[in-house]
There are 2 protein chains.
Amino acid sequence: MPANRRPRARAEKRDEIVAAARALFVADGYEVTPVSRIAAEAGVTTNTVYWYFADKDHLLVAVLEELLVEALSRYGSVAQAPLPEKIMFAVEELSSMHALVDTVHSRRASSPVIDEWHTGFHELADALTRADLPAENAEAASAEAASAIVAFVVEGLLTHPGDEAGRRAIVELLVSRLVSG
Amino acid sequence: MPANRRPRARAEKRDEIVAAARALFVADGYEVTPVSRIAAEAGVTTNTVYWYFADKDHLLVAVLEELLVEALSRYGSVAQAPLPEKIMFAVEELSSMHALVDTVHSRRASSPVIDEWHTGFHELADALTRADLPAENAEAASAEAASAIVAFVVEGLLTHPGDEAGRRAIVELLVSRLVSG
DNA sequence: ACCTGAACACCGTTCAAGT
DNA sequence: ACCTGAACACCGTTCAAGT
């Protein structure tokens with residue numbers, strides 16, 4: 001079957017590049033890993049990466065999408081749990097990409113793709129959070145503000161890591177005061 | 001007075017470099033402004049910058065210190081105001097450096113000086129916040145968590161700018177639920 | 001369509017040399 | 001002590017050329 005062997009190879013090679021980028025971005029950080037290293041790890045030349053991706057930022061978005069899809073697929077396991085559990089899950093789940101969170105924020109200004117992905121991510125997070133606000137709060141004018149606060153706290157917990165106990169105390173206080181107050 | 005003319009000139013030239021860096025960092029962003037442009041704006045050669053500063057990150061710290069000192073000196077004007085006013089002041093005041101906030105976070109991993117400054121800043125913010133927590137909350141075990149939440153929300157407001165009304169709604173909700181709850 | 005070798009433009013930083 | 005011209009090492013990206 002040489003007919004569809006090409007498209008297969010193409011998708012595979014793209015995936016290998018993304019896989020290499022993902023491993024290096026998560027382990028070492030985005031700004032610190034040269035495209036040349038990603039290419040080497042994926043077994044291609046540096047400029048081959050640019051045949052698959054417009055630039056390094058697009059490659060980052062591909063990695064972020066992969067990470068997000070996987071995290072979302074695991075989200076089902078806590079779908080029925082109370083809100084604090086869900087927030088803790090989100091924090092622990094996203095903590096592997098905590099360095100990427102900072103990268104996304106700092107590259108948002110110079111990269112339209114990253115900015116776009118960031119906006120989409122917050123819309124998703126907002127929808128997820130609102131779905132968990134109790135009915136009384138959900139329609140209230142404060143729903144928007146409450147959801148924003150939850151997002152800010154999650155981001156804060158990601159980028160300012162402390163110990164598990166501290167994180168839990170923050171989440172418990174947040175939920176008890178803000179949501180079920 | 002040629003005797004002390006040299007040290008004067010030194011301090012002045014250093015200040016000019018910091019001033020140039022500050023203007024460019026705030027207007028254009030840290031990662032986007034080359035040291036060469038800072039030098040040109042200050043009327044020196046690129047490598048002269050490296051006589052005054054170990055590297056670009058140290059220069060950023062000098063700028064941050066300047067910005068912080070000035071913000072702090074203006075803080076007196078709201079020292080007596082209620083907490084929501086203070087938080088809004090902090091947000092508006094720091095909003096001119098909102099891009100720098102992201103830069104600090106993303107460079108923390110690779111730059112010890114930046115990491116150090118970041119730690120110090122959060123300690124200061126924490127002390128300031130705790131001083132404003134009502135007595136009942138201040139000694140409570142939740143004081144630490146409450147202070148962290150305030151910091152996270154301020155950072156979130158800085159880096160995810162919305163309109164004034166939205167910001168105020170978030171701050172009002174935060175204070176009413178979290179502090180005076 | 002897919003991939004490469006070689007180059008370009010740029011940037012942070014250093015160094016030998018001057019005063 | 002202070003400053004410079006010139007270079008180094010590195011990086012993201014491009015391009016002409018191959019298959």
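Quick caveat: nothing in here was measured; it's all calculated off a predicted structure. To find a chain, count down the sequence lines: A is the first, B the second, and so on, and within it residues start at 1.
In this structure, the CD atom of B/Glu31 is 17 Å from the P atom of D/dC11, given to the nearest Å. Distance B/Arg37 CZ to C/dG12 P: 12 Å, rounded to the nearest Å. Residue B/Asp55 contributes atom CG, which lies 20 Å from atom P of D/dA9 at whole-angstrom precision. Between the NZ atom of B/Lys56 and the P atom of C/dC10 there is a distance of 15 Å, rounded to whole Å. Between A/Glu12 atom CD and C/dC2 atom C1' there is a gap of 15 Å when expressed in whole angstrom units. Computed from coordinates, the B/Tyr50 OH to D/dA6 P distance equals 19 Å when rounded to whole Å. Counting to the nearest Å, the P atom of C/dT14 and the CZ atom of B/Phe53 are 15 Å from each other. We find that OH of A/Tyr52 is positioned 20 Å from C1' of D/dG12, with the value rounded to whole Å.
Ion pairing between A/Arg22 and A/Glu70 holds under the 4.0 Å rule for side-chain N and carboxylate O.
For the OP1/OP2 pair of C/dT4 and a distance below 4.0 Å, the side-chain nitrogens and oxygens of A/Thr45 include at least one atom meeting the criterion.
When atom types are taken as modelled, the side chain of A/Asp115 and the backbone of A/His118 share no donor-acceptor pair closer than 3.5 angstrom. Here the side chain of B/Ser111 pairs no donor or acceptor atom with the backbone of B/Arg107 at under 3.5 angstrom.
With both pairing distances under 3.5 Å, C/dA1 is matched to D/dT19 as a Watson-Crick or G-U wobble pair. In this structure, C/dC8 forms a base pair with D/dG12, meeting either the Watson-Crick or the G-U wobble geometry with both donor-acceptor distances under 3.5 Å.
Each of C/dC3, C/dT13, C/dC11 was ranked by its minimum atom distance to the side chain of B/Thr46; first place goes to C/dT13. For B/Thr48, whose side chain is taken as the heavy atoms from C-beta onward, the closest listed nucleotide among C/dT4, D/dT4, D/dC11 is D/dT4.
For the pair A/His105 and A/Thr159, the minimum side-chain heavy-atom distance is 4.5 Å or more.
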